[in-house]
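Comments concern the structure below.
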Number of protein chains: 2
Amino acid sequence: MSRLSLNQWTTRRWSVPDAVDGCRRHGIEAIGLWREPVAEHGLAATAKLVRDAGLRVSSLCRGGFLTGGSGLEDNRRAIDEAAELDAACLVLVVGGLPGVVPGEPLGDGVSRDLKAARARVAEALEELAPYAAERGVRLALEPLHPMYCADRAVLSTLKQALDLASPHPADQVGVVVDTFHIWWDPEVYDQIARAGAEGRVASYQVCDQLHPLPQDVLLGRAMMGDGVIGFTPLTEAVTATGYDGDIEVEIFNADVWAADPDTVLATMKERFTTLIAPALA
Amino acid sequence: MSRLSLNQWTTRRWSVPDAVDGCRRHGIEAIGLWREPVAEHGLAATAKLVRDAGLRVSSLCRGGFLTGGSGLEDNRRAIDEAAELDAACLVLVVGGLPGVVPGEPLGDGVSRDLKAARARVAEALEELAPYAAERGVRLALEPLHPMYCADRAVLSTLKQALDLASPHPADQVGVVVDTFHIWWDPEVYDQIARAGAEGRVASYQVCDQLHPLPQDVLLGRAMMGDGVIGFTPLTEAVTATGYDGDIEVEIFNADVWAADPDTVLATMKERFTTLIAPALA
C-alpha cells in the first residue's frame, strides 16, 4: 500500500488541494499530478502543498505532442514544472499524425506519413533530453495503445519506446509501463525485462480495459478488476525488474469521474490490495 | 485492376448471386466469400456459380475462434468448404479471451489468462493444419488490431502470426496482411519482409481506419482514402515480397453498408486505382 499513487485525473473533479487532502485522509503517500490543475492552483503553491503534506510526486502529466514539429517551448516549460514539483518523471505522450485531432473528423492537411511523424519524435527528444537532464528531470516515454496511434501517440509499443530512448542515458529518458496500453502485446514480457535490464522503468501504472469499449475510446480505462486485463503476470514481470517506485492508478472513465471521489479511493485501495499487491512480493 | 478482389462483406446486403453479378458488371475478377451467405445460397451452387463466372475465390472467411478449446469440428467444416470453393485460403480469426462476448458487458466466467488463450490457438492449429493440407486448403492466420484482443483475436501482430505459423509448412499455414490491423505496428515492415522470405503471405487486404472510431469499433474500417492510413509504403512492402495474388477490399462500415453497392464498387475501383495500384509496379 505504501507504493500506491493516485494519479489525480482518476479523481478529476478534485482540485489539487482536494486531491492532496484525499491522499492524506486515505493514507496514500504519492500523487501523479497534471499540469492543468497544477496551473490552476499555482505551481509554487502546489509544490509547497505536496511537500508539506509529505507526498511524493510520482509523475507529472504530461509533455509531448511532438509530431507536428513544434511544441518544444511548451515542453521546456513542462520540464521546468516537473523540476519545481520534484516529480519522479515527466510523462511524454508523443502525439499522433499531424493534423489528426482527437474526436474530430479528418480535415484537409492531415498527414498519413507515420514514419515521418515517428522520426520527428526522435528529433524532438534530442532537444529535450539534455534540457531535462540539466534540471534533474527524467523524461518518461509512454507507449499508448495502438487504437490511439492516429490521434495521440505514434509510440505504440514498449519495444518502440525503449528503442527511442536508447540513444539517451537511462536516468534521462525512461519509459512508462501502463497495463492498459501494453497488456495485449505478445512481446511485452521480453520488453519489460529489457526495460529492467536497461534501467528504464520510470513509472508503473495500473488500470484495466473496459469491455466493450465506450463510444469515446479515450474513456476505455477502468478500475482494476472491472475489465479484461490479468494483472498478476504483468505486475510480477515489473517486480522482477527490480522496480520499487510508486504504482500509479490513472483512470479515464465517465462512471469513475461521476462517482464520489472518496468511494473511488476506497475501491482503488481495495483493488490494489487484492489484485496488485500480492504480485509485488 | 486485375488483382482487385471484392470481399463480399463490403457489399453485405448483396447475396452471393448479387455479388457475383456485381463483380461481372464491374470487371472484378476475384471475390472473397463468407461462410454464412455461401451457406444461404448453398455450397455446391456457390462453387458452380463462381466457377461459371470465371471468378477466383481469393479467400473464404472465416474459421477460428479457437481460444475456448472447442470449435475444431466447425473449423474442419470450414476447411471442407474452402476446398470445395477452391479458395486461395481459409482466413482464421483466432478468437479472444474465453468468455468475453463481443459487444456485451463482462459476465462471470471470463478468463483473463491471455497466455493460456494464445497457447490454445497453437494447439488447435496442430490439429487443423494437417487436416487442411490433406484437402489442399491453406490456412491464413489473421492478426487483428489490438483493440480486438479481448473479444475477437488474441493474435495481435504479424510477428506473432508468423511465429505461430512457423512450425507448419508455408503452403499449409500463411498469414493475412490487412492494412487496417497492422498499419500502426513499428515492426510491420520487417515482418512483411519476413513473411515474404518465409513464403507466408497468403492474402493482402486493403482497408482504411476511420477517425474517430465509431461506437462499435468493429465498424471502424473505411474505404481507402477515407481514413488515416498511408497505403503506399505498406503496398510497396508487400509488393517487394513478390506477392502477386489478389488484393481484397473488406470493409465493415455502417455508411458503406447503407450505400448503393454499385456505387461502393465504383468508388472501390477508383480508390484502388489511385491509392493501391501505383505501388504494385
Side-chain angles (χ1 to χ4, degrees), chain A residues 96-97 99-106 110-118 143-151 153-157 159-161 163-164 181-189 208-218 220 222 225-234, chain B residues 96-97 99-106 110-118 143-151 153-157 159-161 163-164 181-189 208-218 220 222 225-234:
Chain A
L97 293 170
V100 177
V101 182
E104 287 186 21
L106 296 181
V110 164
S111 165
R112 293 173 176 84
D113 190 342
L114 182 55
K115 196 174 167 183
R118 285 173 169 165
L144 258 54
H145 193 290
M147 67 184 156
Y148 307 128
C149 184
D151 61 354
V154 295
L155 185 55
S156 305
T157 66
K159 175 176 190 302
Q160 188 192 0
D163 289 348
L164 185 60
H181 292 303
I182 51 93
W183 71 277
W184 58 271
D185 184 353
E187 306 290 309
V188 74
Y189 295 99
D208 216 328
Q209 180 186 308
L210 273 187
H211 173 83
L213 289 163
Q215 174 144 30
D216 180 353
V217 292
L218 183 67
D226 289 348
V228 295
I229 299 177
F231 290 95
T232 301
L234 291 165
Chain B
L97 293 170
V100 177
V101 181
E104 287 185 22
L106 296 180
V110 164
S111 165
R112 293 173 176 83
D113 191 341
L114 182 55
K115 196 174 167 183
R118 286 173 167 163
L144 257 55
H145 193 289
M147 67 184 156
Y148 307 127
C149 184
D151 60 355
V154 295
L155 184 55
S156 306
T157 65
K159 176 176 191 300
Q160 189 191 359
D163 290 348
L164 186 59
H181 292 305
I182 50 92
W183 72 278
W184 57 270
D185 183 354
E187 305 291 310
V188 75
Y189 295 100
D208 216 327
Q209 180 186 309
L210 272 188
H211 173 83
L213 288 163
Q215 173 143 32
D216 180 354
V217 291
L218 183 66
D226 289 348
V228 296
I229 299 178
F231 289 95
T232 301
L234 291 165

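Any value given below was found using the heavy atoms of this structure, including those in side chains, with hydrogens, waters and symmetry copies removed. On a predicted model such as this, the values are computed, not experimentally measured, just so you know. Chain letters run A, B, ... following the sequence lines, proteins first and then strands; every chain starts at 1.
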Practice task
Identify which of V217(A), L114(A), L106(A), L210(A) forms the greatest number of heavy-atom pairs closer than 4.5 Å to chain B.
Solution key: L106(A)
Exercise for the section: Sort out for me which of E104(B), Q215(B), H211(B) touches chain A most, counting heavy-atom pairs under 4.5 Å. Expected result: H211(B)
Practice task
Below 4.5 Å from any heavy atom of chain B, which atoms of L213(A) appear? Answer side chain, backbone, both or neither.
Solution key: both
Exercise for the section: Using side chain to side chain donor-acceptor pair (under 3.5 Å) as the criterion, list what pairs up with D113(A), not counting sequence neighbours. Expected result: none
Problem - Partners meeting side chain to side chain donor-acceptor pair (under 3.5 Å) with D216(B) (sequence neighbours left out) - result: none
Exercise for the section: Give, for atom OH of Y148(B) and atom CG of L218(B), the distance between the pair rounded to the nearest 0.5 Å. Expected result: 5.5 Å
Fill in the blank from the handout: Rounding to 0.5 Å, atoms NZ (K159(A)) and CD (E187(B)) come to a distance of 4.0 Å
Problem - Per-residue contact mode, V110(A) against chain B (heavy atom under 4.5 angstrom) - result: neither
Problem - Best-contacting candidate, C149(A), A150(A), P186(A), P105(A), against chain B by heavy atom pairs under 4.5 angstrom - result: P186(A)
Handout entry: Point-to-point distance, once rounded to the nearest 0.5 Å, from CE of M147(B) to CD of Q209(A)
Key = 10.5 Å
Problem - Residue selection (most heavy-atom pairs with chain B, distance under 4.5 Å) from G227(A), P233(A), S111(A) - result: G227(A)
Exercise for the section: Please flag which part of V101(A) lies under 4.5 Å from any non-hydrogen atom of chain B: side chain, backbone, both or neither. Expected result: backbone
Handout entry: chain A contacts, top residue of G220(B), P212(B), G99(B), P146(B) (heavy-atom pairs, under 4.5 Å)
Key = P146(B)
Handout entry: Selection from T157(A), D226(A), I229(A) maximising heavy-atom pairs under 4.5 Å formed with chain B
Key = I229(A)
Handout entry: Nearest non-hydrogen partners of Q160(B) and R118(B), listed with the distance
Key = NE2-NE, 3.0 Å
Practice task
Determine whether I182(A) and L234(A) make a side-chain contact, defined as any pair of heavy atoms from C-beta on separated by less than 4.5 Å.
Solution key: yes
